[in-house]
Amino acid sequence: MTDDQQVITEEQRQQAKLIWDHHRMHHELRPCDAAIGLGSHDPGVPVFCAELYHAGLFPTLVFSGGLNPTAPERFPRGEAVHFREHALELGVPDDAILVEPRARNTGQNIAFSRDVLAAHGIRPSTVLLVSMPYMERRSFATARKIWPEAEVLCASTPLEFDDYLKTIGNEKLVVDQLVGDLQRVIEYPKFGFAVEQDVPEDVYAAYTSLLAAGFDSRLLTS
């Protein structure tokens, strides 16, 4: 077993779950004017987007994302293109989907998707962001900064933490990602990328403990 696939301890699992729970916004979903499926390496995003579309939560869906910077081979024609194709297979009609194929980060996902919607005459007052589970808080904070006039709700596949670990199959990678996203939630407001989010003391303590234990492969590099 490589270091990247190491099994986490029970204490580390509990610390990671604290961060996982903090990342999720726990918004009560209701119909919105449009939705954005944020590009990522997680194929569960288009699946959940399709489920929410069929539930009548939005009439228009934008898939946003170019090549995944850490795993370009996963979606070689770009995240948005592959997500659209998957949603079509799940019965979402073609005329309900818009594609934004250039974004390379969450800020671009939101800003470019807003522009695509506007180009089609859609200026939503309520927007549903669909992301990986641990990206909810960061995408919310980013959208509040970039698109303050829109009311933003966040959603992700309703998986418990242990179930998500099994789905991904790499415990260290998941914890690294949880830690890396929390670092961004903390640091991005300093650069004007997002609004500030309160981080409870126990969540911050879990974060620093996991950092000290070496769960750091997804940290900002500069």
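As the structure is a prediction and not an experimental result, all values here were calculated from the model.
- Arg184 is not listed as a side-chain neighbour of Thr106, based on a closest heavy-atom distance of 4.5 Å or more.
- Relative to the ring axis of Phe63, Arg84 does not place its NZ or CZ within 45° and under 6.0 Å from the centre.
- Listed for the Glu85 side chain is no donor-acceptor partner under 3.5 Å among the backbone atoms of Leu88.
- Residues Leu61 and Phe112 do not share a hydrophobic cluster, clusters being chains of Ile/Leu/Val/Met/Phe/Trp/Tyr side chains in contact below 4.5 Å.
- Distance alone, capped at 3.5 Å, places no donor-acceptor pair between the Glu136 side chain and the His23 backbone.
- How far NE2 of His54 is from CG of Leu90: 6.5 Å, rounded to the nearest 0.5 Å.
- Note on ring orientation: taking the six-membered ring where Trp is involved, the planes of Tyr188 and Phe193 are perpendicular (angle over 60°, cut-offs 30° and 60°).
- For the atom pair CG (Leu211) and CG (Leu219), the distance works out to 5.5 Å, reported to the nearest 0.5 Å.
- With contacts defined as side-chain heavy-atom distances shorter than 4.5 Å, the pair Pro124/Trp147 qualifies.
- The main-chain N or O of Leu220 is found under 3.5 Å from a side-chain atom of Gln183 such that the two form a donor-acceptor pair.
- No more than 12 heavy-atom neighbours from other residues, nucleotides or ligands sit within 6.0 angstrom of CD on Glu160.
- At a threshold of 4.5 Å between side-chain heavy atoms, the hydrophobic network of Ile, Leu, Val, Met, Phe, Trp and Tyr places Phe215 and Val203 in one connected group.
- A heavy-atom distance below 4.5 Å is found between the side chains of Tyr164 and Pro133.
- Using a distance-only test at 3.5 Å, with no hydrogens or angles considered, a donor-acceptor pair links the side chain of Asp33 to the main chain of Thr126.
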Q: May I have the step-by-step check of side-chain contact (heavy atoms from CB on, under 4.5 Å) for Val175 and Leu210, ending in yes or no?
A: CA-CA 8 Å; Val175 179; Leu210 291 170; 3.9 Å; yes
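- Once rounded to the nearest 0.5 Å, the distance linking OG of Ser40 with CD of Gln177 reads 9.5 Å.
- Panel note: side chain Glu100, backbone Arg102; a donor-acceptor pair is recorded below 3.5 Å.
- Residues Cys32 and Leu153 approach most closely at SG-CD1, 3.7 Å, considering heavy atoms.
- Note on ring orientation: taking the six-membered ring where Trp is involved, the planes of His27 and Phe140 are perpendicular (angle over 60°, cut-offs 30° and 60°).
- Between Thr60 and the choices Asp95, Ile97, Ile122, the side-chain contact (heavy atoms from CB on, under 4.5 Å) rule is met once, by Ile122.
- At least one donor-acceptor pair under 3.5 Å links the side chain of Thr208 to the backbone N or O of Ala205.
- Residues Leu178 and Ile19 approach most closely at O-CG2, 3.8 Å, considering heavy atoms.
- Considering all non-hydrogen atoms of both residues, Gln15 and Ser209 come closest at NE2-OG, 3.0 Å.
- Contact detail for Leu129 and Ala143: the closest heavy-atom pair is CD1-CB, 3.8 Å.
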Q) Going through the checks in order, is the salt bridge (charged side-chain N to carboxylate O under 4.0 Å, His left out) test met by Lys17 and Asp162? A) CA-CA 9 Å; Lys17 187 177 184 303; Asp162 287 343; over 6 Å; no
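- Annotation for Gln14: atom CD counts as buried by contact number, over 12 foreign heavy atoms lying within 6.0 Å.
- Residues Tyr204 and Tyr207 bring their aromatic ring centres within 6.0 Å.
- Looking at heavy atoms from C-beta onward, Pro93 lies in side-chain contact with Tyr53 at the 4.5 angstrom threshold.
- Of all heavy-atom pairs spanning Ile146 and Arg114, the tightest one is O-NH1, 2.9 Å.
- Val195 and Val199 sit in two unconnected hydrophobic clusters of ILVMFWY residues. Membership requires side-chain heavy atoms under 4.5 Å apart, directly or through other members.
- Remark: Lys172 engages Asp176 in a salt bridge, criterion side-chain N to carboxylate O under 4.0 Å.
- Considering only heavy atoms from C-beta on, Leu29 comes within 4.5 Å of Leu128 through its side chain.
- Pairs engaging residues 191-208 under the salt bridge (Lys or Arg N to Asp or Glu O under 4.0 Å) rule: none recorded [sequence neighbours left out].
- For the residue pair Phe161 and Ala16, the shortest heavy atom distance occurs at CZ-CB, 3.6 Å.
- For the residue pair Arg137/Gln197, the side-chain donor-acceptor check at 3.5 Å is satisfied.
- At a threshold of 4.5 Å between side-chain heavy atoms, the hydrophobic network of Ile, Leu, Val, Met, Phe, Trp and Tyr places Phe83 and Val47 in two separate groups.
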Q.
One pair to check against side-chain contact (heavy atoms from CB on, under 4.5 Å): His22 and Leu18. What are the steps and the verdict?
A. CA-CA 6 Å; His22 179 65; Leu18 269 178; over 6 Å; no
Q: Could you walk me through whether Val45 and Leu38 pass the side-chain contact (heavy atoms from CB on, under 4.5 Å) test, one step at a time?
A: CA-CA 8 Å; Val45 171; Leu38 300 175; 5.8 Å; no
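- Classification of Arg30 and Glu151 as a salt-bridged pair holds, one side-chain N sitting under 4.0 Å from a carboxylate O.
- Formation of a donor-acceptor pair under 3.5 Å by the His26 side chain with backbone atoms of Asp21 is found in this model.
- In this structure, Val130 and Leu52 have side chains that are in contact, with non-hydrogen atoms separated by less than 4.5 Å.
- Under the 3.5 Å distance criterion, the side-chain polar atoms of Gln12 are left unmatched by any main-chain donor or acceptor of Ile8.
- Here the CH2 atom belonging to Trp20 is positioned 11.0 Å from the CG atom belonging to Asp181, to the nearest 0.5 angstrom.
- Put simply, SG on Cys154 and CD1 on Ile36 are 10.5 Å apart, with the number rounded to the nearest 0.5 Å.
- Interatomic distance, Met132 CE to Leu159 CG, rounded to the nearest 0.5 Å: 13.0 Å.
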Q: For the pair Arg123 and Leu117, evaluate side-chain contact (heavy atoms from CB on, under 4.5 Å) and give the outcome as yes or no after the intermediate values.
A: CA-CA 7 Å; Arg123 291 175 173 79; Leu117 286 164; over 6 Å; no
